Number of protein chains: 2
Amino acid sequence: MKNITSGLEDYLEEIYIANINNKPLKGAELARLLNISRASVSEALSRLVAKNLIIYNSYETIQLTALGLEEAKKVYEKHNTLKKFFETVLEIPQKEASENACKIEHVISQNILNKMAEFIDFYEKNKTTLEKLRKENSQK
Amino acid sequence: MKNITSGLEDYLEEIYIANINNKPLKGAELARLLNISRASVSEALSRLVAKNLIIYNSYETIQLTALGLEEAKKVYEKHNTLKKFFETVLEIPQKEASENACKIEHVISQNILNKMAEFIDFYEKNKTTLEKLRKENSQK
DNA sequence: GTTTATTGTAAGGCATGCCTTACAAATTGT
DNA sequence: ACAATTTGTAAGGCATGCCTTACAATAAAC
């Protein structure tokens, strides 16, 4: 009853992002953003309502419940950490970093995310040293 | 017709591992390894046969086709790279590293995997320096 | 206020992927 | 050879998650 599938997490995340940007979000717009049919969104929103993650009345703006907000934030933060890690440490281009983060955010453990965040911190604090080292390494 | 779902990739991987270890693998054993019912395995094997990834006749050993071997290897290598990256760079315990690799291997891009492999290499060649740096950092 | 556009959803479909039950077929042990 | 074990699978179910078609309800534009 509590467990959220990765599909639903995607909906939550998108709703959350709309929230942050103060863009009122209706089902049809969500369908456009996620590139799926209105009918599918309609079903998904019902599931989200059933799980007490959103408040939704037809033709009105979709709203996150406290629980939904919490979950959405988690996913969003996971996404960001992954993206940043890929960009900073692995030098992956933005788009690819983001696309991969979208998928991995649903399956990776919190512990690894924390370690990634730590590593990003470490990497940035020692950027000069590390980049010099890496350059040397690649020349050998 | 070509695309393989992550579910099927798991089957392939397990078959491949049995192959490596010279352990003849039948459906029932696969069911035990993956912790699912024989019936589900039976279905999955049909799908794998249909996709020309395995050769399978009831009551005989499951065999990979050339195509299946290729796919299985890819997944297996992804798994190993991920696991090693988590263990080496992020200091994640073996079990957790492996569990996460199992899920991420199905969704991550080859390019990121390559960068991870490179980074592992760099990290190991400069282990002493890097670990000293990290220790200093954590004390601040 | 009425037409037009947007939004929502019911109905019926399809694939994946898992389950249990129950029986059939093959293999093993003695 | 025959019984016991193992293996395979058909049938019927369930949930997720996507689709299209077609219609209903609401909102926006004129």
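Being a predicted model, the structure only gives us computed values, none of them experimental. Chain A is the first sequence line, chain B the second, and so forth, proteins listed ahead of strands; every chain is numbered from 1.
- With hydrogens and angles left out, the side-chain atoms of A:Asn114 and A:Gln110 include a donor and acceptor closer than 3.5 Å.
- Of the listed nucleotides (C:dC19, D:dT9, C:dT16), C:dT16 has the atom at the smallest distance from the side chain of B:Thr5.
- Residue B:Ala28 is in sugar-phosphate contact alone, with no base atom involved, counting any heavy-atom pair closer than 4.0 Å across all strands shown.
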In a table with atom names and distances, give each donor-acceptor pair under 3.5 Å that connects a side chain of residues 14-29 of chain B to protein atoms at least two apart or in another chain.
| from | atom 1 | to | atom 2 | distance (Å) |
| --- | --- | --- | --- | --- |
| B:Asn21 | ND2 | B:Ile17 | O | 3.2 |
| B:Glu29 | OE1 | B:Arg32 | NH1 | 2.2 |

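- Using a 30° and 60° split on the angle between ring planes, B:Phe85 and A:Phe85 fall in the perpendicular class, above 60°.
- Checking the phosphate oxygens (OP1, OP2) of C:dG8, a side-chain nitrogen or oxygen of A:Tyr56 falls inside 4.0 Å.
- Between A:Arg38 and A:Ala44, the residue whose closest nucleotide on DNA chain D is further toward the 5' end is A:Ala44.
- At least one side-chain heavy atom of A:Leu130 sits less than 4.5 Å from a side-chain heavy atom of A:Tyr123.
- Regarding contacts with the backbone of C:dG17, a side-chain N or O of B:Arg47 is found under 4.0 angstrom from either OP1 or OP2.
- For residues 29-36 of chain B, proximity to DNA chain C is found at B:Asn35, B:Ile36, defined as any non-hydrogen atom under 4.0 angstrom from a strand atom.
- Straight-line distance from the CG atom of A:Leu45 to the P atom of C:dA10: 12 Å, rounded to whole Å.
- Contacts between residues 57-64 of chain A and DNA chain D, defined by a heavy-atom separation below 4.0 Å, involve A:Tyr59, listed by number.
- Using a 4.0 Å cut-off, some side-chain N or O of B:Ser40 falls inside it from OP1 or OP2 of C:dC19.
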